[in-house]
Amino acid sequence: MTDASALPGQPRGGVLSGPATARAVNVLAPNPSAMTLDGTNTWIVAEPDSDLAVVVDPGPLDDGHLRRVVATAEQSGRRVALTLLTHGHPDHAAGAARFAELTGTRVRALDPALRLGDEGLAAGDVITTGGLELRVVPTPGHTADSLSFHLPADRAVLTGDTILGRGTTVVAHPDGRLGDYLDTLRRLRSLTVDDGVHTVLPGHGPVLEDAQGAVEFYLAHRAHRLAQVETAVEDGYRTPADVVSHVYADVDRSLWPAAELSVRAQLDYLKEHGLI
């Protein structure tokens with residue numbers, strides 16, 4: 001068995017659902033898969049002495065899960081007062097409209113198409129519901145509309161699919177762009193260096209105790225894959241599918257369609273920079 005402390009980001013062991021920090025509780029959605037890992041992490045975030053809570057990523061349109069999220073908040077003596085989305089992929093956002101019906105909340109997101117209510121989200125916004133402070137951090141790359149939420153009081157960041165608790169994420173071409181994603185990783189690294197963030201609360205997988213280590217691993221992984229793709233093209237692998245079969249030969253074939261999205265994003269990046 002591998003020691004978790006030796007893995008990238010130092011993933012926390014144990015049950016995924018339940019309290020993760022003083023202010024964040026996870027309710028795991030019942031949608032496990034190769035792409036969603038154990039399922040989508042729905043985060044309930046609140047000040048310890050507040051009766052109001054914020055929910056980040058209600059998850060899929062699963063009424064049982066959505067009701068469990070409401071019940072979990074209520075069992076802690078809190079009412080859900082606001083819903084936030086890290087991005088619009090269905091495993092994070094498909095249940096948002098139904099969740100808004102159950103809770104009477106607004107839904108705030110970067111993408112206007114996902115919002116319920118007049119307010120969106122933008123870089124520099126600060127959420128202050130119930131005394132909670134959540135800072136909106138633009139983190140495009142996985143998708144164009146991806147956001148993270150910095151939780152300063154817990155020295156934590158909720159990353160959606162930008163950083164996962166296990167493995168690495170997809171740059172979802174054409175919406176996701178590799179250049180944006182690399183900039184995002186550097187932005188998150190600055191949070192760990194300049195703002196003392198040490199905990200990653202991801203959209204899938206376990207909590208990571210070493211945020212800086214996770215970001216550094218992601219940056220090194222992306223650089224390694226990019227070099228592999230560049231070499232594959234030089235060796236005559238031309239189509240994205242051909243590159244995937246060569247570069248991702250060690251990856252479960254069920255993940256190759258997702259890997260092809262990342263390869264397309266990498267090929268675009270290499271072309272934009274005159275490297276192929």
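Nothing fancy with the numbering, it's 1 onward along the sequence.
- By the 4.0 Å N-to-carboxylate-O rule, Glu74 lies too far from Arg79 to be salt-bridged with it.
- Asp125 is linked by a side-chain hydrogen bond (donor to acceptor under 3.5 Å, both in side chains) to nothing, counting only residues two or more places apart in sequence or in another chain.
- With a 4.5 Å cut-off on side-chain heavy atoms, Asp63 and Arg98 count as touching.
- Proximity of a side-chain donor or acceptor of Arg222 to a complementary backbone N or O of Tyr181 within less than 3.5 Å is not detected.
- Using a distance-only test at 3.5 Å, with no hydrogens or angles considered, no donor-acceptor pair links the side chain of His150 to the main chain of Val157.
- Through direct or indirect side-chain contacts shorter than 4.5 Å among Ile, Leu, Val, Met, Phe, Trp and Tyr, Leu134 is connected to Trp43, Val45, Val54, Val56, Leu82, Leu84, Leu110, Leu121, Ile127, Leu132, Val136, Leu147, Phe149, Leu151, Leu158, Leu201, Val207.
- Checked by atom type, the side-chain pair Ser76/Arg78 shows a donor-acceptor distance below 3.5 Å.
- A perpendicular orientation is assigned to the rings of His87 and His89, their planes being inclined by more than 60° (bins at 30° and 60°).
- Using a 4.5 Å heavy-atom threshold, the side chains of Val229 and Leu270 count as touching.
- Side-chain contact of Asn41 with Asn26: a donor-acceptor pair under 3.5 Å is present, judged by distance alone.
- In this structure, Asp154 contributes its side chain and Ala156 its backbone to no donor-acceptor pair below 3.5 Å.
- Around the CG atom of Asp118, the shell of radius 6.0 Å holds no more than 12 heavy atoms that belong to other residues, nucleotides or ligands.
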Open item on the list: side-chain hydrogen bond (donor to acceptor under 3.5 Å, both in side chains), that's the test. Do Asp268 and His173 meet it? Break it down for me.
Closed with: CA-CA 9 Å; Asp268 280 358; His173 180 276; 2.9 Å; yes
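- In this structure, Thr128 contributes its side chain and Gly131 its backbone to no donor-acceptor pair below 3.5 Å.
- Under a cutoff of 6.0 Å and an axis angle of 45°, Arg253 and Tyr248 do not form a cation-pi pair.
- Inter-residue side-chain proximity for Val25 and Thr72 is flagged as met; some heavy-atom pair is nearer than 4.5 Å.
- In this structure Thr103 satisfies the side-chain hydrogen bond (donor to acceptor under 3.5 Å, both in side chains) test together with Thr105, sequence neighbours excluded.
- A donor-acceptor pair is defined here as one N or O able to donate and one able to accept, closer than 3.5 Å; no such pair exists between the side chain of Tyr218 and the backbone of Thr162.
- Side-chain contact between His65 and Thr40: absent, with no pair of heavy atoms (C-beta onward) separated by less than 4.5 Å.
- Judged by distance alone, the side chain of Arg155 and the main-chain N or O of Gly196 form a donor-acceptor pair under 3.5 Å.
- Under the 3.5 Å distance criterion, the side-chain polar atoms of Asp57 are left unmatched by any main-chain donor or acceptor of Gly59.
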